[in-house]
Amino acid sequence: MSTINANIHPPTATTLHGIILVMVAVLPVMAIVSLVPVMPLLGKEFAAVPGSEFLVPTALTVPALCVAIFSPFAGWLSDRIGRKRILVASLVLYAILGLLPWFLTGLKEIIVARVGLGLTEAVLMTVATAMIGDYFTGEERQRWIALQVAAISFSAIFLIAIGGALGEALGSRGPFLLYLIALPAAVLVALFLFEPADGDETEQSEEAFPFREVLPLAAVTLCASMLFYTIVVQLGPLLADIGVTSPAVIGMAGAGVNIGHVTGSFIFNRLRSWSGPALLVVGFGIASMGYLALGFSEDLQTRAAAAFFASVGVGVLLPCLLAWILRVLPVSFRGRGTGLWTGTFFFGQFLAPLAAIALSGQLGGSLINVILLYAVLAGVAAVISMAFARKARE
């Protein structure tokens, strides 16, 4: 005896659904990017607080650490109770917790609010990405993944500018007003998105989480994330190493890095019919050459161009890995698997500057030597990927 499930024939996802999900995935970028222009103001405001030289940067980066830790749990929760309801609730909480520092006067209270914000971000990034995997299939899914990665990188350029304008007009708390954008996003999610189909429950109960397929992809994602964030975080010191200290010039070079990520995601979109290993060859190969050029460059133009080129390679890698992991995940584990991927990616953000400091200490105190080491490692990864690509063609 069978029962009729209302989700057997769910609505068909459209461009509108994809746009809303990409917009939600962009929101967590604000947690760091929008506050960068007011960090000196916050540092001055809380200079009298013991340990402020550590606590003020912590207020900036702690949401990313929370995303790294709690994304797998957020994915598990969305698999258990449904995606749409948790997404709407998290958007509302994101707006409230994001705005809260506008009213707070204590640095430690602000950090606590930012920890809560990071928990909601873990849900937003994980569930929005999982729903792209739920709504779309095949090359259409890969196109939306490429657009998501491109939108995240491209939006960073504007969010820095908007955060700076709000800081200029309203002081150190101005950028926190940006978080109110999540409220209209919550309305759009509630009105237009639908809960994905559950799939066959009997089949789901017999499935086991595909660790053999997912864990290697997570490991490669960690490497790609560190390549991504090493350029982002170390661009200022790399330019200062050749005598460039102008914030405007460094900002323009940083915009070029983000444009490189966007360019790479569009290259992935054009090559999305290629196999995963073949795309890894392209991504790691370009990143390796970019890092190599960065290590040997000695002037602003060459160093900025090399950073752009390395970022193009990473821009190919990230949507490739995300689309790949969505492809191997059964629907019953898509939230958990996406959460694992998201957590790994954000852990790379947390680990990248620490690894650069530790490695430079072992390599004569030179950041350039770390860059050259990463160029070699990315090249090795490209060669290994080439072997897998050849095996896949046989």
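Side-chain contact between L372 and I368 is present, with at least one heavy-atom pair separated by less than 4.5 Å. The shortest distance between side-chain heavy atoms of Y179 and L27 does not fall below 4.5 Å. Side chains of L35 and R114 form a contact here, defined as non-hydrogen atoms less than 4.5 Å apart. At a threshold of 4.5 Å between non-hydrogen side-chain atoms, the residues F70 and T126 do not count as touching. Looking at heavy atoms from C-beta onward, R336 lies out of side-chain contact with V214 at the 4.5 angstrom threshold. The shortest side-chain heavy-atom distance between L183 and V187 does not fall under the 4.5 Å cut-off. Between D241 and R303 there is a side-chain heavy-atom pair separated by less than 4.5 Å. Side chains of L318 and S265 form no contact here, defined as non-hydrogen atoms less than 4.5 Å apart.
Neither M386 nor M289 shares a network with the other; the hydrophobic side chains, linked directly or stepwise wherever heavy atoms of I, L, V, M, F, W or Y lie under 4.5 Å apart, form separate groups for each. Connection of L363 to L292 is established within a shared hydrophobic cluster, with ILVMFWY side chains joined at heavy-atom distances below 4.5 Å, either directly or through further cluster members. F268 and F388 fall into different hydrophobic clusters, defined by Ile, Leu, Val, Met, Phe, Trp and Tyr side-chain heavy atoms under 4.5 Å apart, directly or through other members. Under a hydrophobic clustering in which Ile, Leu, Val, Met, Phe, Trp and Tyr are joined whenever their side-chain heavy atoms come within less than 4.5 Å, directly or via other members, V56 and L41 fall into the same cluster. Under the 4.5 Å side-chain contact rule for hydrophobic residues, I69 and L77 share a cluster.
Rounded to the nearest 0.5 Å, atoms CD1 (I145) and CG (N269) are 11.0 Å apart. L124 contributes atom CG, which lies 11.0 Å from atom OG1 of T342 (distance to the nearest 0.5 angstrom). Rounding to the nearest 0.5 Å places CH2 of W76 at 15.0 Å from OG of S71. The line from OH of Y291 to CG of L227 is 4.5 Å long, rounded to the nearest 0.5 Å. To the nearest 0.5 Å, the span separating CZ on F73 from CG on L119 amounts to 9.5 Å. Between atom OG1 of residue T15 and atom CD of residue E140 there is a gap of 7.5 Å, rounded to the nearest 0.5 Å.
A donor-acceptor pair is defined here as one N or O able to donate and one able to accept, closer than 3.5 Å; no such pair exists between the side chain of T302 and the backbone of E298. One N or O on the side chain of S297 and one on the backbone of L294 form a donor-acceptor pair closer than 3.5 Å. A side-chain donor-acceptor contact under 3.5 Å links S360 to the backbone of A356. Checking side-chain atoms of D134 against main-chain N and O of P196 turns up no donor-acceptor pair under 3.5 Å. A donor-acceptor pair is defined here as one N or O able to donate and one able to accept, closer than 3.5 Å; such a pair exists between the side chain of R141 and the backbone of G133. Counting only distance, with no hydrogens or angles, the side chain of Q142 and the backbone of R272 share a donor-acceptor pair below 3.5 Å. Without hydrogens or angle criteria, S288 side chain to G285 main chain gives no donor-acceptor distance under 3.5 Å.
Ring-centre distance between F136 and H17: not below the 6.0 Å cut-off. Taking the six-membered ring for Trp and the full ring otherwise, F103 and F176 have centroids separated by 6.0 Å or more.
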| task | Evaluate the criterion side chain to side chain contact (heavy atoms under 4.5 Å, CB included) for residue pair F284 and I384; output intermediate values, then yes/no. | result | CA-CA 10 Å; F284 277 120; I384 294 173; over 6 Å; no
| Should W324 and L280 be marked as a side chain to side chain contact (heavy atoms under 4.5 Å, CB included) after you check the CA-CA gap, both sets of side-chain angles, and the distance that decides it? | CA-CA 11 Å; W324 195 342; L280 291 185; 3.7 Å; yes
| query | Are L97 and V115 close enough, and set up right, to give a side chain to side chain contact (heavy atoms under 4.5 Å, CB included), and what steps lead you there? | reply | CA-CA 9 Å; L97 293 167; V115 169; over 6 Å; no
| request: Any chance you could lay out the side chain to side chain contact (heavy atoms under 4.5 Å, CB included) test for V232 and H261, step after step, and finish with the verdict? | output: CA-CA 11 Å; V232 172; H261 297 147; 4.1 Å; yes
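In terms of heavy atoms, A150 sits closest to V262 at O-CG2, 3.4 Å. Contact detail for F308 and G256: the closest heavy-atom pair is CD1-O, 3.2 Å. For the pair F194 and M131, the tightest heavy-atom approach, listed with the atom from each and the gap, is O-CE, 3.7 Å. Closest non-hydrogen pair, V257 versus A307, comes out as CG2-CB, 4.0 Å. In terms of heavy atoms, G171 sits closest to P175 at O-CD, 4.0 Å. Heavy-atom minimum distance, I242 versus L300: CD1-N, 3.6 Å.
Using cut-offs of 30° and 60° on the angle between ring planes, the pair F154 and F158 is perpendicular. Taking the six-membered ring for Trp and thresholds of 30 and 60 degrees, F228 and F345 have ring planes more than 60 degrees apart, a perpendicular arrangement.
Looking at R173 and E45, a side-chain N of the basic residue comes within less than 4.0 Å of a carboxylate O on the acidic one, giving a salt bridge.
Residue W102 places its CH2 atom among more than 12 non-hydrogen atoms of other residues, nucleotides or ligands, all under 6.0 Å distant. Applying the 6.0 Å contact sphere to CD of E139 captures more than 12 heavy atoms from other residues, nucleotides or ligands.
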